[in-house]
Amino acid sequence: MEIQLFQQEIPKSILDGIQQVHRAVFDGAILKGEKLEQKLNLLAVIALEEGIVAGFKLGYEQPDGVFYSWLGGVHPQFQQRGVAMKCMTAQHEWCKKHGYSRVRTYGRNEKKAMLIVNLKAGFEIISTFTDAKGRHKIVFEKAL
């Protein structure tokens with residue numbers, strides 16, 4: 001498994017792989033390209049297995065200076081191999097090197113595997129809220 005990092009500009013072949021993983025993980029949903037645009041310090045952490053995107057972790061800087069670990073997923077074919085944790089570890093190492101002291105992420109109760117990964121990685125639950133779509137979200141933060 002190879003981990004690659006991309007800032008701001010993500011090659012089309014990698015974007016296509018991210019889309020394949022996103023569709024597999026999020027019930028066929030497509031990640032809209034405009035959601036990737038205009039993110040401050042966008043970072044894409046990509047797990048590759050023989051050139052195929054096995055998983056990804058996207059994040060960016062929030063206005064309060066905290067790095068937001070926004071979106072990620074591991075293709076079902078590669079799950080249960082520690083891919084999510086490898087991506088998260090690489091993201092957090094990058095954050096430390098670039099001066100961030102905290103990472104924030106949101107989770108949903110129905111995505112239990114990711115909640116567990118967050119807790120194992122040292123995140124703490126700091127609050128909850130209901131988003132505009134009526135989904136209950138759990139807010140996690142981790143000091144780096």
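A single hydrophobic cluster is seen to contain both Val25 and Ile14, as judged by linkage of ILVMFWY side chains at heavy-atom distances under 4.5 Å, directly or through other members. Cluster membership check: Ile46 shares its hydrophobic cluster with Ile10, using side-chain heavy-atom separations under 4.5 Å among Ile, Leu, Val, Met, Phe, Trp and Tyr. In terms of hydrophobic clustering, with Ile, Leu, Val, Met, Phe, Trp and Tyr side chains grouped at heavy-atom distances under 4.5 Å, Leu31 and Val74 are assigned to different clusters. Note on Leu15 and Tyr60: same hydrophobic cluster, where clusters join Ile, Leu, Val, Met, Phe, Trp and Tyr whose side-chain heavy atoms are under 4.5 Å apart, directly or indirectly.
Note: Phe56 CZ to Gln20 CD = 11.5 Å, rounded to the nearest 0.5 Å. The distance from atom CD of Gln91 to atom OG1 of Thr105, rounded to the nearest 0.5 Å, is 8.0 Å. Going from atom CE of Met1 over to atom CZ of Arg81 covers 6.5 Å, rounded to the nearest 0.5 Å. Atom OG of Ser13 is separated from atom CD1 of Ile18 by 9.5 Å, given to the nearest 0.5 angstrom.
Between Tyr68 and Tyr106, the two ring planes are tilted [angle within 30° to 60°].
The side chain to side chain contact (heavy atoms under 4.5 Å, CB included) check on Asp27 picks up nothing, with sequence neighbours excluded. For Lys32, the side chain to side chain contact (heavy atoms under 4.5 Å, CB included) partners two or more places apart in sequence, or in a different chain, are Glu34, Lys35. Remark: Arg102 pairs with Glu141 by the side-chain hydrogen bond (donor to acceptor under 3.5 Å, both in side chains) rule, at least two apart or across chains.
Listed here is the closest heavy atom pair of Lys142 and Ala121: NZ-O, 2.7 Å. Across His22 and Ala29, no two heavy atoms sit closer than the pair ND1-O, 2.8 Å. Ala54 and Glu49 make their closest contact through CB-CB, 4.4 Å (heavy atoms, listed as atom of the first residue, atom of the second, distance).
Here the side chains of Arg108 and Lys137 are in contact, with some heavy-atom distance below 4.5 Å. Thr128 places a side-chain heavy atom less than 4.5 Å from the side chain of His136. Between Val83 and His75 the shortest side-chain heavy-atom distance does not fall below 4.5 Å.
Summarising the local packing, CD of Gln7 is surrounded by more than 12 heavy atoms from other residues, nucleotides or ligands at distances under 6.0 Å. Summarising the local packing, CD of Glu110 is surrounded by more than 12 heavy atoms from other residues, nucleotides or ligands at distances under 6.0 Å.
A salt bridge (Lys or Arg N to Asp or Glu O under 4.0 Å) check over residues 1-15, counting only residues at least two apart or in different chains, returns the pairs Lys12-Asp16.
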Check step by step if side chain to side chain contact (heavy atoms under 4.5 Å, CB included) holds for Leu71 and Phe26. CA-CA 11 Å; Leu71 183 63; Phe26 296 103; 3.8 Å; yes

Between Gln4 and Leu48, does a side chain to side chain contact (heavy atoms under 4.5 Å, CB included) hold up when you go through it step by step? CA-CA 8 Å; Gln4 291 188 3; Leu48 296 167; 3.5 Å; yes

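Residue Leu43 is found in a hydrophobic cluster whose other members, listed by chain and number, are Ile3, Leu5, Val45, Phe67, Met85, Met88, Trp94, Tyr100, Val103, Met114, Leu115, Val117, Leu119, Phe123, Ile125, Ile138, Phe140, Leu144; membership requires side-chain heavy atoms under 4.5 Å apart, directly or through intermediates. Clustering of Ile, Leu, Val, Met, Phe, Trp and Tyr side chains at separations under 4.5 Å leaves Ile30 isolated, with no partner residue.
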